[in-house]
**Q** 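One structure, as structure tokens, below. Some questions next.
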Amino acid sequence: MNLLVLRALGIGDLAAAVPALRGLRRAYPGARIDLAVPAWLAPLVRLTGAVDSIVDTPGLVPLRVPAPDVAVNLHGRGPQSHRILRGTEPGRLLAFACPDAGYDQGPQWSAASTVEHEVHRWCRLLAWYGIAGDPTDLALIRPDEPAPVAGAAVVHPGAKAPGRRWPPERFAGVARALEADGHKVVVSGSPADTGLAVRVARLAGLPPDRVLAGRTGVGALAALVAAARLVVSGDTGIAHLATGYGIPSVVLFGPVSPAEWGPPRQPRHQSLWRPAHRPAPPSGVHPALLALTAADVLSAVHTALSAGV
């Protein structure tokens, strides 16, 4: 038997789908599970322990694969993702109901007025089909490759959307305070974040070699987090890696509530969010993030580290 699962998104999206992927593995112990994701995520896919191989999928594009026995849409509500999976001619499709895609089976996507965490959403989908997923099953396998730095306080100022990027001056203030408190601070990020990371490090008075942005692939980033003492970031993929490895973390939320994408409610994982009562600007930092100060973050760091000892 062969399962094809679609989740062609990013690091945080993959990490949030781990409980659902493991639920599928338990439900189909002898099956081959192929995950349609971008190829650059392959090192992280291996750390889920639930997938046999990947199908390189840069986004919502047609999949050229043999017809699977079961196709599972862990990507979205449809209709495009449904149509892509139905195009593979699966024996069975597991997905949310989507009349626009001609698919009336499955549970309903949560109503607009309902707040549902991303992890729970996909476990709920599988539960409708009689497949159990444990939303707390978020731990990732430790990487084989060595960490670029061990025992670091990782500051990650980048995020894909501008509205989720806390001001670099404030990240620098946190980094400077952590370094003064005896932490070895490194600044991580994607290649696109390199300029931002260099700026944060310079403002914090850190030496250039503390900038790891653009120098770590996803496997090395996972290794860095697994060996870290602390992670401070916005609402982005590295926060989910900290959850997966049980590393104390402080995550700053802006446009989206932590009730939808936040870490488990544990003292070692601190979610900071100040709901904004005014609309966000078309571009720029979300008001909910601007309401957070460096003092707020450092207080949460103390709480997270105290709980993580």
Side-chain angles (χ1 to χ4, degrees), residues 7-20 37-38 41 44 59-60 73-78 80-81 96 108-125 135-136 138 154-168 170-171 174 188-190 192-193 196 221 225 231-244 247 249-266 268-294 296-297 300 304:
R7 187 72 170 171
L9 296 163
I11 293 174
D13 307 279
L14 175 58
V18 166
V37 293
L41 278 173
L44 186 57
L60 291 179
N73 189 350
L74 298 184
H75 188 96
R77 70 180 74 189
Q80 189 177 359
S81 52
F96 282 104
Q108 297 297 312
W109 190 268
S110 56
S113 60
T114 301
V115 175
E116 183 175 34
H117 197 282
E118 185 74 1
V119 172
H120 289 266
R121 171 176 288 120
W122 301 111
C123 289
R124 177 171 64 86
L125 167 68
T136 68
L138 294 163
V154 182
V155 172
H156 189 98
K160 189 174 294 185
R164 291 190 280 123
R165 296 180 198 141
W166 200 44
R170 300 190 197 182
F171 267 117
V174 169
S188 62
S190 69
D193 295 332
L196 172 61
L221 182 64
V225 173
V231 172
V232 179
S233 75
D235 172 22
T236 193
I238 195 171
H240 296 270
L241 295 180
T243 295
I247 302 302
S249 63
V250 177
V251 188
L252 288 67
F253 286 83
V256 178
S257 161
E260 297 178 63
W261 278 95
R265 292 185 177 180
Q266 300 172 0
R268 73 170 58 204
H269 300 304
Q270 294 288 304
S271 298
L272 297 183
W273 189 52
R274 303 283 187 269
H277 299 292
R278 64 185 188 276
S283 62
V285 184
H286 193 274
L289 270 180
L290 289 176
L292 297 172
T293 67
D296 293 328
V297 174

**Q** Looking at every heavy atom in both Arg7 and Trp122, which two are closest together, and how far apart are they?
**A** NH1-NE1, 3.2 Å
**Q** Quick one: OG on Ser249 to CD on Gln266, what's the gap to the nearest 0.5 Å?
**A** 9.0 Å
**Q** Are Pro135 and Cys123 packed together at the side-chain level, in the sense that at least one heavy-atom pair is separated by less than 4.5 angstrom?
**A** yes
**Q** Just by modelled atom types, is the Leu290 backbone N or O under 3.5 Å from a matching donor or acceptor in the Arg170 side chain?
**A** yes
**Q** Going from CH2 on Trp273 to CG on Leu289, what distance comes out if it is rounded to the nearest 0.5 angstrom?
**A** 11.0 Å
**Q** Hey, is the main chain of Leu292 close enough, under 3.5 Å, to the side chain of Trp166 for a donor-acceptor pair?
**A** yes
**Q** With a 4.5 Å heavy-atom cut-off, do Leu138 and Pro19 have their side chains touching?
**A** yes
**Q** State, with a plain yes or no, whether a side-chain heavy atom of Phe171 is found less than 4.5 Å away from one of Val232.
**A** yes
**Q** Which heavy atom of Val285 sits nearest a heavy atom of Arg165, and at what distance?
**A** CG2-O, 3.1 Å
**Q** How long is the straight-line distance from CZ of Phe253 back to NE2 of His286, given to the nearest 0.5 Å?
**A** 13.0 Å
**Q** Quick check: closest heavy atoms across Gly189 and His156, and the distance to 0.1 Å?
**A** CA-CE1, 3.5 Å
**Q** Do you know which two heavy atoms are closest between Leu9 and Leu41, and how far apart they sit?
**A** O-CD1, 3.5 Å
**Q** Taking all non-hydrogen atoms of both residues into account, name the closest pair between Gly158 and Thr236 and its distance.
**A** O-CG2, 3.7 Å
**Q** Kindly indicate whether the side chain of Leu221, heavy atoms from C-beta on, has any atom under 4.5 Å from the side chain of Leu44.
**A** no
**Q** To the nearest 0.5 Å, what is the distance between NE2 (His269) and OG1 (Thr243)?
**A** 4.5 Å
**Q** Could you please spell out the steps behind the side chain to side chain contact (heavy atoms under 4.5 Å, CB included) verdict for Leu125 and Leu74?
**A** CA-CA 9 Å; Leu125 167 68; Leu74 298 184; 4.0 Å; yes
**Q** Rounded to the nearest 0.5 Å, what separates atom NE2 in His120 from atom CZ in Arg124?
**A** 11.5 Å
**Q** Rounded at 0.5 Å granularity, tell me how far CD in Glu260 sits from CG in Asp235.
**A** 9.5 Å
**Q** Does the side chain of Phe96 come within less than 4.5 Å of Asn73's, by heavy atoms?
**A** no
**Q** Hey, does the side chain of Asp13 reach the backbone of Ala16 with a donor-acceptor pair shorter than 3.5 angstrom?
**A** no
**Q** What heavy-atom pair brings Arg164 and Pro255 nearest, and what distance separates the two atoms?
**A** CG-CD, 3.6 Å
